[in-house]
Amino acid sequence: MSLVKKNKKGSLIIISGTTCAGKGTVIKELLKNNDNLVLSTSYTSREMRKGDIVDVTYHFVSKKQFEQKIANGDFLEYALVHDYYYGTPKAEIEQQLNSGKDVILEIEVQGAKIIKEKFPETILIFVLAPSMQELKRRIIARGSETKTQIIRRFKTAYQELNEISKYNYVVINNDVIDAVKKIEAILISEKCRVDRIEELDIENQEEFMHELLMDSHLDSK
Ligand code: 5GP
C-alpha cells in the first residue's frame, strides 16, 4: 500500500509575463514535454492577429457576446486589457482540473489576482524578458503594432512589473529551453509540497508494527 495518497485533482498554474516576454513559446514547449498539462483557451473580444488560430489561440467573440457571457457567469475571471475583454472560461477549467489535468492559464496580472483570491493554492509564475531593450527589440521584430500601441504596451509592462511580488516565482526567459526547465522544476517541487498531499496513509501503523514483531524472518537478526 502506498504511504502517500496523491491529490486526484489537477493543479492550477498561472503564467503571466510582460508583452513579448516569450511566454507563448515557453508554454508551447512545456506542453510538448508534459502530457498531463493543458492550456486553457480564453475568450477575447480583440481582433485576430496574424498567426492567431480560432479556438486555439482564443475563442474570438464580439464585445456584445463577451458581455452576455459575463452576465451568464461563464467566467472564473475576466479583465479589460487595452480596451479588449479577456476571460477564463469556468466550466472547461473545472472539468479539466477534476479529471486530474494540470491547467495553465496564460493571463495578465488583474486576472491572476482574482484567481489567487478564489483558489489560494494556484501556482503563480511570472515570465520576464532579460531587459526592456530586449523587449523593445522583440516587439519591433513582431511588427504588428503601431508606435502608439507599442508605447501603451510598455506602460502596461511597467505597471505589471510592480505586481511581481504577488507571484510565487519569476523566470527570466533568456533562453527558451532553460526557462522551460526552470518551470518544470517549479512544477515538480510544487507536487512534492506537504500541503498538496491529500493524506498520509498512517492508520495501519499498529497493524504494521504487530506484523513486524511476529515476522519470524527477523528473528535471527
Ligand atoms: P494578447 O492580446 O497579446 O494575446 O494578450 C494580452 C494580454 O491578455 C496578455 O497579457 C495575456 O496574458 C492576457 N490574457 C489572455 N487571456 C486572458 C484571460 O482569460 N484573462 C485575463 N485576465 N487575461 C488574459
Side-chain angles (χ1 to χ4, degrees), residues 1-17 23-45 52-61 65-79 81 85-127 166-169 171 179-204:
M1 188 183 285
S2 146
L3 190 61
V4 171
K5 283 188 186 162
K6 269 174 58 186
N7 198 334
K8 280 189 232 79
K9 239 182 132 178
S11 306
L12 197 53
I13 303 140
I14 290 183
I15 301 189
S16 304
K23 52 189 189 297
T25 320
V26 168
I27 291 170
K28 227 185 252 166
E29 281 301 312
L30 264 176
L31 294 173
K32 258 196 233 163
N33 306 343
N34 300 278
D35 291 344
N36 203 47
L37 271 179
V38 291
L39 174 64
S40 153
T41 305
S42 292
Y43 280 79
T44 185
S45 65
D52 281 342
I53 304 169
V54 174
D55 295 335
V56 175
T57 319
Y58 289 108
H59 301 296
F60 292 93
V61 292
Q65 285 170 317
F66 199 104
E67 285 168 349
Q68 186 56 55
K69 288 184 113 3
I70 296 175
N72 294 346
D74 288 346
F75 296 120
L76 272 184
E77 64 72 38
Y78 68 91
V81 185
Y85 284 120
Y86 293 85
T88 306
K90 197 197 274 177
E92 210 173 292
I93 283 163
E94 280 170 356
Q95 187 264 323
Q96 286 166 329
L97 288 176
N98 288 336
S99 73
K101 292 280 184 194
D102 296 326
V103 182
I104 298 179
L105 307 181
E106 187 201 329
I107 63 176
E108 51 66 72
V109 295
Q110 307 170 63
K113 214 171 132 194
I114 297 170
I115 297 279
K116 186 73 179 177
E117 276 162 17
K118 285 189 181 168
F119 308 100
E121 68 284 7
T122 306
I123 305 158
L124 266 68
I125 303 171
F126 200 94
V127 177
K166 302 202 173 77
Y167 282 69
N168 303 113
Y169 301 95
V171 171
V180 169
K181 272 192 202 151
K182 284 181 183 156
I183 296 178
E184 284 173 343
I186 292 168
L187 300 183
I188 292 168
S189 313
E190 285 283 336
K191 289 271 176 214
C192 297
R193 273 173 51 166
V194 172
D195 55 1
R196 286 194 190 274
I197 293 165
E198 220 167 49
E199 76 184 89
L200 283 176
D201 194 9
I202 52 173
E203 57 279 310
N204 294 326

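With contacts defined as side-chain heavy-atom distances shorter than 4.5 Å, the pair L12/I93 qualifies. Residues V127 and E106 fail the side-chain proximity criterion, which asks for heavy atoms closer than 4.5 Å. With contacts defined as side-chain heavy-atom distances shorter than 4.5 Å, the pair L30/I15 qualifies.
Shown here for I114 and L76, the closest heavy-atom pair between the two residues is CG2-O, 4.2 Å. Summarising the geometry of G87 relative to F66, their closest heavy-atom pair is N-CZ, 3.4 Å, with the distance given to 0.1 Å. The two atoms that bring I107 and S42 nearest to each other are CG2-OG, 4.5 Å, heavy atoms only. Minimum heavy-atom separation, N36 to G100: ND2-O, 3.1 Å. Nearest heavy-atom pair, L31 versus L37, reported as atom, atom and distance to 0.1 Å: CD2-O, 3.6 Å. Here the closest heavy-atom approach between residue Y85 and residue I70 is recorded as CE2-CD1, 4.0 Å.
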Step by step, work out the side-chain contact (heavy atoms from CB on, under 4.5 Å) result for Q65 and K69. CA-CA 6 Å; Q65 285 170 317; K69 288 184 113 3; 5.8 Å; no
Please determine whether side-chain contact (heavy atoms from CB on, under 4.5 Å) holds for the pair N168 and K116, giving the CA-CA distance in whole Å, both sets of side-chain angles, and the decisive distance to 0.1 Å. CA-CA 11 Å; N168 303 113; K116 186 73 179 177; 3.7 Å; yes
Starting from the C-alpha separation in whole Å, work towards a yes-or-no answer on side-chain contact (heavy atoms from CB on, under 4.5 Å) for I186 and V171. CA-CA 10 Å; I186 292 168; V171 171; 3.9 Å; yes
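Between atom OG of residue S16 and atom NZ of residue K23 there is a gap of 7.5 Å, rounded to the nearest 0.5 Å. Atom-to-atom distance recorded for I183:CD1 and N34:CG is 10.5 Å, nearest 0.5 angstrom. The distance from atom CD1 of I27 to atom CG of L39, rounded to the nearest 0.5 Å, is 5.5 Å. How far OG of S45 is from OH of Y86: 7.5 Å, rounded to the nearest 0.5 Å. Atom NZ of K9 is separated from atom NZ of K101 by 16.0 Å, given to the nearest 0.5 angstrom. To the nearest 0.5 Å, atoms CD1 (I53) and OG1 (T41) are separated by 10.5 Å.
Within a 6.0 Å sphere centred on NZ of K28, heavy atoms belonging to other residues, nucleotides or ligands number 12 at most. No more than 12 heavy-atom neighbours from other residues, nucleotides or ligands sit within 6.0 angstrom of OH on Y78. Residue-environment remark: CG (D35) stays at or below the threshold of 12 foreign heavy atoms within 6.0 Å.
For E29 and N33, the side-chain atoms include no donor-acceptor pair closer than 3.5 Å.
Listed by chain and residue number, nothing satisfies the side-chain hydrogen bond (donor to acceptor under 3.5 Å, both in side chains) test with Q95 (two or more places apart in sequence, or in another chain). For Y43, the ring pair (Phe, Tyr, Trp, His ring centres under 6.0 Å) partners are H59, F75, not counting sequence neighbours.
Between E184 and K181, none of the side-chain N atoms (NZ, or NE/NH1/NH2) sits under 4.0 Å from a carboxylate O, so this pair counts as no salt bridge.
Q68 places no side-chain N or O within 3.5 Å of a backbone atom of A71 that could act as its donor or acceptor partner. Within the 3.5 Å criterion, the main-chain N or O of G10 finds no donor-acceptor partner in the side chain of D102.
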